[in-house]
Each structure stands twice: as structure tokens, then as C-alpha cells.
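Atoms within each ligand, like the ligands themselves, are counted from 1 in listed order. Given the structure is predicted, the values throughout are model-derived calculations rather than measurements. Excluded from the calculations below are hydrogen atoms, water molecules and symmetry mates; all remaining heavy atoms, backbone and side chain alike, are included.
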Amino acid sequence: MIGVFDSGVGGLTVVRAMRELLPSETILYLGDTARVPYGNKSPETVRRYAREALAFLQAAAHELMLRARKLEAWQPLHTKPDSPAFPSVEGRLKLVVVACNTVSAVALPDLRVRSEVPVVGVIRPAVKRAVQVTRSQEVAIWGTEGTIRSLAYQQVLAEVAPQIRSLGLPCPLLVPLVEEGWLQHPVTDSVLQIYLSQLPSSTWDTLILGCTHYPLLRPALSALLPSSCALVDSSQTTAEEVLTLLQKRGWLAPTHAKGDLLCFVTDSAARFRRVAAQFLGEEPQSVDQIEMTAFQHLIPGGGLR
Ligand code: DGL
């Protein structure tokens with residue numbers, strides 16, 4: 001199982017890309033819908049929420065393994081004989097994907113210390129793609145206030161390609177517009193135009209969509225931009241990164257079975273179901289509401305520090 005988490009429903013854009021690229025993988029998805037948005041919260045709060053999410057996913061993987069075993073449906077995970085130290089304890093996640101850009105921006109090092117398995121964030125894969133496609137060597141980044149303020153994208157860009165100039169812009173109005181379903185709407189077009197005009201340069205040729213919700217605005221944005229501008233979708237690049245990592249380690253699920261998608265949310269499952277389909281491209285089969293505080297004692301490394 002791969003654990004994926006996000007502040008809410010938006011991380012399903014990453015799940016969608018993963019299910020297209022890795023259809024045999026079973027995914028446990030946690031959307032912290034009771035506490036969304038994370039984008040305007042302090043880094044300390046986001047880190048605390050992220051630790052709780054990690055603890056929940058680890059506990060859920062274990063619990064599901066026990067249940068599956070009882071049903072005698074448990075299949076040992078497939079590994080190549082020469083696989084490097086696969087987490088061989090059954091019921092562990094093999095990988096955690098932080099689908100949320102805001103969490104990836106402020107909590108990755110903290111989560112990596114607390115996780116026994118690799119933790120993949122959305123920032124580095126998107127940056128690598130932007131570096132490949134920019135010709136003007138100017139890359140714009142749109143994200144939540146928290147993501148842009150953290151300078152995480154800008155720092156990874158400076159590390160990977162110091163010659164590239166980065167232009168970060170918080171775009172807080174886009175998340176509610178997407179959740180409202182206003183993907184092709186005059187109000188959304190006006191907001192997009194205002195944000196485009198706020199970028200402090202006109203010579204950028206690559207825009208990183210640094211938020212789970214923005215990939216849904218691709219068609220509207222493409223209509224407003226010259227065809228020479230590249231849009232980098234962090235959900236797509238993250239799915240590709242996960243595929244590469246699983247291939248390298250020999251941890252891919254056997255290809256004969258279709259993987260399940262089990263969703264867990266912290267607010268009502270009904271609202272999540274209503275909004276989820278436009279992010280996921282299909283109705284989620286299984287959505288359960290959970291109580292996050294029930295897992296706080298399991299936080300690796302201890303407590304609510
Ligand atoms: N998932 C968040 C992100 O990608 C957007 C929604 C929020 O602010 O929580 O940054």
C-alpha cells in the first residue's frame with residue numbers, strides 16, 4: 001500500500017495521476033477535510049497536522065493488513081529477490097506521498113525523520129521538470145500563501161539550477177474557485193488574469209502549478225497564455241517520481257491486479273464524495289470518516305511537539 005495525504009480533496013489530482021501511471025498500486029488516501037485549508041496556516045501547525053496524518057496512515061495500513069489476513073485475502077507484497085531492504089514487516093506502507101504542496105513546503109524533513117519508508121513530496125519533481133522545459137531561464141511559481149512564503153520551491157530551484165530566476169506568487173483565491181467547480185468561468189478567468197499580471201516580470205516561460213487544485217485550471221490558463229508558455233503540473237511529475245522510485249527499488253505491485261483506492265476523511269464523507277469526482281475523474285469507491293485525534297499517540301518520535 002502507498003499512503004497519500006493532503007489537507008483535503010485536492011490531493012486526488014495526485015492520486016488520479018498515480019492511478020493512471022500505476023494502476024496496480026493500492027492507495028490509502030487521507031484528506032484532512034475538517035481542517036482544510038492548510039495554505040494560510042503557520043508552518044508549525046501544518047507540521048503538527050502532517051505528523052498526525054502520517055501516524056494515521058501507518059496505523060490504517062497495519063489495521064487493514066490484519067483485517068485482510070482474517071479474510072485470508074492477504075497476499076505478501078511482491079518484491080524482486082535483490083530488492084534493497086524492502087519494509088518486510090507486513091502491513092507497513094511501502095511509501096508515503098505528500099500530495100499537498102503546503103505540507104511538502106514546510107514539513108518534509110520532519111516527516112522523513114519520523115517515517116520508516118520513503119516520503120515523496122511534490123516540490124522537487126515539479127522543479128526538475130521546470131528546469132528541463134524553461135528556455136528563458138525564468139520560472140514562475142503559483143501556490144498557497146504558505147507554500148510561497150516558505151520559499152521551498154525557490155530554494156529547490158536555486159539548488160538544482162542556480163542560473164534560473166524564480167518568481168513566486170501566492171494565489172489564495174484559486175482553491176475556493178476550483179472547489180466551487182468554476183473551472184471555465186468569467187470570474188475565474190478574471191482572477192487568473194489578475195494573478196498573471198502580478199508576476200513581476202513578463203519574460204518567464206514556465207509556470208509551476210504549485211498547489212493540488214491548480215491542475216484543474218490548466219484549460220482556462222492555457223487559453224490565456226501564449227503557446228510558448230509551459231505549465232508544470234506537480235501532480236503529474238509526482239506520479240512519475242513515484243513510478244521511478246518503485247521501479248528502482250523493485251517494489252512495484254504485481255501488474256495482474258487492479259489496485260484499490262481507500263479514502264479517509266476527517267469531515268463528512270458526503271461532501272468529499274460530492275467534490276471528489278472532479279479531481280479524481282471517477283467516483284471514489286470507499287470513503288470513511290475518521291477521528292484524527294485517535295491516532296495522536298501513535299505519532300512516531302512522540303507526542304504533539
Ligand atoms: N492542498 C493545498 C496545497 O496544495 C491546497 C489547499 C489548502 O490550502 O489546504 O497547497
Side-chain angles (χ1 to χ4, degrees), residues 3-18 29-54 57 96-108 110-111 119-127 130 140-156 168-183 188 191 195 207-218 221 231-239 241 263-267 271-272 275-276 278-280 292:
V4 180
F5 76 91
D6 177 49
S7 55
V9 75
L12 291 176
T13 51
V14 177
V15 171
R16 180 183 192 159
M18 284 172 65
Y29 179 84
L30 171 64
D32 191 6
T33 46
R35 301 191 289 198
V36 70
Y38 284 10
N40 54 10
K41 299 207 164 61
S42 69
E44 294 72 32
T45 299
V46 173
R47 278 194 282 274
R48 174 159 60 86
Y49 291 172
R51 289 199 284 271
E52 291 170 14
L54 179 66
L57 285 172
V96 173
V97 178
V98 179
C100 181
N101 284 256
T102 309
V103 176
S104 296
V106 302
L108 273 194
D110 188 55
L111 292 174
V119 178
V120 175
V122 288
I123 293 180
R124 197 165 283 270
V127 165
I141 306 139
W142 280 5
T144 63
E145 205 186 306
T147 299
I148 300 301
R149 206 183 34 213
S150 75
L151 300 178
Y153 270 104
Q154 294 90 323
Q155 279 159 3
V156 178
L169 186 77
C171 303
L173 295 176
L174 298 183
V175 166
L177 287 170
V178 170
E179 292 210 1
E180 204 52 44
W182 289 15
L183 306 181
T188 307
V191 173
Y195 285 145
L207 172 60
I208 298 180
L209 305 176
C211 172
T212 45
H213 291 57
Y214 302 174
L216 276 80
L217 295 169
R218 266 186 101 126
L221 261 171
L231 296 175
V232 175
D233 175 343
S234 57
S235 59
Q236 193 59 43
T237 49
T238 303
E241 180 87 0
C263 296
F264 300 91
V265 289
T266 50
D267 190 26
R271 183 174 193 277
F272 181 85
V275 189
Q278 74 166 343
F279 289 85
L280 190 60
M292 194 84 104

Inset, instruction - Using only heavy-atom distances, determine whether the side chains of Thr147 and Asn101 contain a donor-acceptor pair under 3.5 Å. - result: no
For a quick test of your reading: what N or O donor-acceptor pairs under 3.5 Å do the side chains of residues 7-15 make, sequence neighbours left out?
| from | atom 1 | to | atom 2 | distance (Å) |
| --- | --- | --- | --- | --- |
| Thr13 | OG1 | Gly10 | O | 2.8 |
| Thr13 | OG1 | Thr212 | O | 2.9 |

Legend entry - salt bridge (Lys or Arg N to Asp or Glu O under 4.0 Å) partners of residues 6-17, not counting sequence neighbours, each pair once: Arg16-Glu20
Inset, instruction - Just do the side chain to side chain donor-acceptor pair (under 3.5 Å) check on Thr238 and Ser235 with the steps written out, would you? - result: CA-CA 5 Å; Thr238 303; Ser235 59; over 6 Å; no
Legend entry - Thr237 versus Ser234, side-chain donor and acceptor atoms under 3.5 Å: no
Inset, instruction - List for me each residue that meets ring pair (Phe, Tyr, Trp, His ring centres under 6.0 Å) alongside Tyr38, sequence neighbours excluded, and say none if there are none. - result: Tyr49
Between the protein and ligand 1, are there any N or O atom pairs that come within less than 3.5 Å of each other, and if so, what are their names and distances?
| from | atom 1 | to | atom 2 | distance (Å) |
| --- | --- | --- | --- | --- |
| ligand 1 | 1 (N) | Asp6 | OD1 | 2.8 |
| ligand 1 | 1 (N) | Ser7 | OG | 3.1 |
| ligand 1 | 1 (N) | Thr212 | OG1 | 2.9 |
| ligand 1 | 4 (O) | Asn101 | N | 3.1 |
| ligand 1 | 4 (O) | Asn101 | ND2 | 3.4 |
| ligand 1 | 4 (O) | Thr212 | N | 3.0 |
| ligand 1 | 4 (O) | Thr212 | OG1 | 3.2 |
| ligand 1 | 8 (O) | Tyr38 | N | 3.4 |
| ligand 1 | 8 (O) | Gly39 | N | 2.8 |
| ligand 1 | 9 (O) | Ser7 | OG | 2.6 |
| ligand 1 | 9 (O) | Tyr38 | N | 2.7 |
| ligand 1 | 10 (O) | Thr102 | N | 3.2 |
| ligand 1 | 10 (O) | Thr102 | OG1 | 2.6 |

